[in-house]
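One structure is given here, and the rest of the page talks about it.
Atoms considered below: every heavy atom in the structure, side chains included; atoms not considered: hydrogens, waters and symmetry mates. All of these numbers come straight from a predicted model, not from anything done at the bench.
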Amino acid sequence: MIRALLPRRSAAGTVVAVSTALLTVAVVLGGMLLLDVARPAFQDMDNSWHDFSATLHTPLWDAVNPVLNWAGYMGMLIFHVVLAFALIVGRRPISAAFSATAGFAVVLVTQLAKWTIGRERPADNHVLTDTGSYPSGHVSATTAFLLVVTLLLGRWWMWMLSLAGIFAMMLSRTYLAAHWFTDVVGGACLSAGVVLLLWLAFQDVCIQENMNAVQTATWWSRALQRRQARGQAGSEPR
């Protein structure tokens with residue numbers, strides 16, 4: 001883990017612009033639902049995607065999606081705890097705090113939005129769900145975790161993996177008829193916007209903390225190598 005993390009500084013202007021755009025999408029969709037939650041302006045599009053998703057069912061995907069259903073809710077809670085523990089063990093308590101804060105903030109905002117909007121889920125959903133369809137809690141939780149990992153790892157390929165994971169969860173929620181299409185879009189946009197704004201506040205401390213942890217680990221590694229070298233020299237026959 002010492003060498004795995006490489007958090008990078010993001011330009012404040014870029015982060016604010018991207019976050020604002022993402023949160024605007026989530027807020028606009030939510031606002032349109034508040035105007036007419038039973039029949040929003042985009043309901044025909046949601047119905048079309050819902051009907052299309054119903055044609056995709058196969059035994060293979062029926063077996064895969066329950067796993068994603070677990071991973072997107074209970075699984076993400078477990079993953080956040082494991083990540084925070086690993087960061088603390090790796091001498092990165094601030095990074096652990098960023099992970100925990102991001103996860104908690106996203107869950108809180110998502111649940112508040114669900115309670116405020118009160119959109120009904122599709123009637124033919126295939127899994128047990130709580131009340132409130134907009135935004136998708138599974139998608140928002142998945143987006144939060146994957147984005148936190150991506151920001152802390154600082155590798156370009158992790159962005160690709162995260163986008164694939166978020167997209168897979170979005171498809172899964174509509175495949176299971178647990179959400180409308182706009183629910184999963186709103187969940188991803190809301191979560192990503194919140195996490196990016198939090199990263200703007202945490203990034204400098206996390207980057208410095210990571211540098212300190214790497215320097216400490218390097219010092220201990222070199223000290224151990226010198227000690228082993230002295231021990232080997234002392235054991236040679238004279």
Quick one: does Ser140's side chain have a donor or acceptor within less than 3.5 Å of a partner on Gly187's backbone? no

Rounded to the nearest 0.5 Å, how far apart are CG of Leu176 and CZ of Arg121? 11.0 Å

Can you tell me if Glu120 uses its side chain to pair, donor with acceptor, with the backbone of Ala38 under 3.5 Å? no

Nearest-0.5 Å distance that lies between atom CG in Leu200 and atom CG in Leu197: 7.0 Å

Can you see which heavy atom on Ala96 is nearest to which on Ala84, and at what distance? CB-O, 3.6 Å

Lys/Arg N to Asp/Glu carboxylate O, Asp183 vs Arg173, below 4.0 Å: no

When you check the side-chain N and O atoms of Glu209 and Ser95, is any donor under 3.5 Å from an acceptor? yes

Is the backbone of Gly103 close enough, under 3.5 Å, to the side chain of His80 for a donor and an acceptor to pair up by distance? no

Strictly by modelled atom types, are Gln208 and Asp204 linked by a side-chain donor-acceptor pair under 3.5 Å? no

Take Leu152 and Leu87, measure what side chain to side chain contact (heavy atoms under 4.5 Å, CB included) needs, and give me the verdict at the end. CA-CA 10 Å; Leu152 293 178; Leu87 289 169; 3.9 Å; yes

Quick test of your reading of the model: are Arg39 and Asp44 salt-bridged, counting only N-O distances below 4.0 Å? yes

Check: Ser99/Arg92 side-chain N/O donor and acceptor closer than 3.5 Å: no

I'd like to know if the side chain of Asn65 reaches the main chain of Trp61, judged simply by a donor and an acceptor atom lying under 3.5 Å from each other, with no hydrogens or angles considered. yes

Residues Cys189, Val185; criterion side chain to side chain contact (heavy atoms under 4.5 Å, CB included); working and verdict: CA-CA 6 Å; Cys189 290; Val185 172; 4.2 Å; yes

As a quick check of understanding, evaluate side chain to side chain contact (heavy atoms under 4.5 Å, CB included) for Leu153 and Leu6, giving each step before the final call. CA-CA 5 Å; Leu153 283 179; Leu6 188 61; over 6 Å; no

For Met45, does the CE atom have more than 12 heavy-atom neighbours from other residues, nucleotides or ligands under 6.0 Å away? yes

So, applying side chain to side chain contact (heavy atoms under 4.5 Å, CB included) with Tyr175, which one of Asn69, Val64, Leu56 is it? Leu56

ILVMFWY cluster, Val109 and Val184 together (side-chain gap under 4.5 Å): yes

Heavy atoms from other residues, nucleotides or ligands near OH of Tyr73 exceed 12 (cutoff 6.0 Å): no

Measure the spacing between CG of Leu34 and OH of Tyr134 and express it to the nearest 0.5 Å. 9.5 Å

Should the pair Trp70 and Phe79 be assigned to parallel (<30°), tilted (30 to 60°) or perpendicular (>60°) ring geometry? perpendicular

Might you point out which heavy atoms bring Val106 and Ala144 nearest each other, and give the distance in Å? CG2-CB, 3.8 Å

Could you check, using the six-membered ring where one of them is a Trp, whether Trp199 and Phe202 have ring centers closer than 6.0 angstrom? no

Between His50 and Asp124: side-chain donor-acceptor atoms closer than 3.5 Å: yes

Check: Lys114 and Ser133 side chains under 4.5 Å, non-hydrogen atoms: no

Go through Phe42 and Leu33 one step at a time and tell me if the side chain to side chain contact (heavy atoms under 4.5 Å, CB included) criterion holds. CA-CA 9 Å; Phe42 45 72; Leu33 281 166; 3.8 Å; yes

Quick check against the 3.5 Å criterion: does Thr20 have a side-chain atom that pairs as donor or acceptor with the backbone of Val16? yes

For a side-chain hydrogen bond (donor to acceptor under 3.5 Å, both in side chains) check, start with the C-alpha distance between Trp180 and Thr174, then their side-chain angles and the critical distance, and finish with the verdict. CA-CA 6 Å; Trp180 304 103; Thr174 54; over 6 Å; no

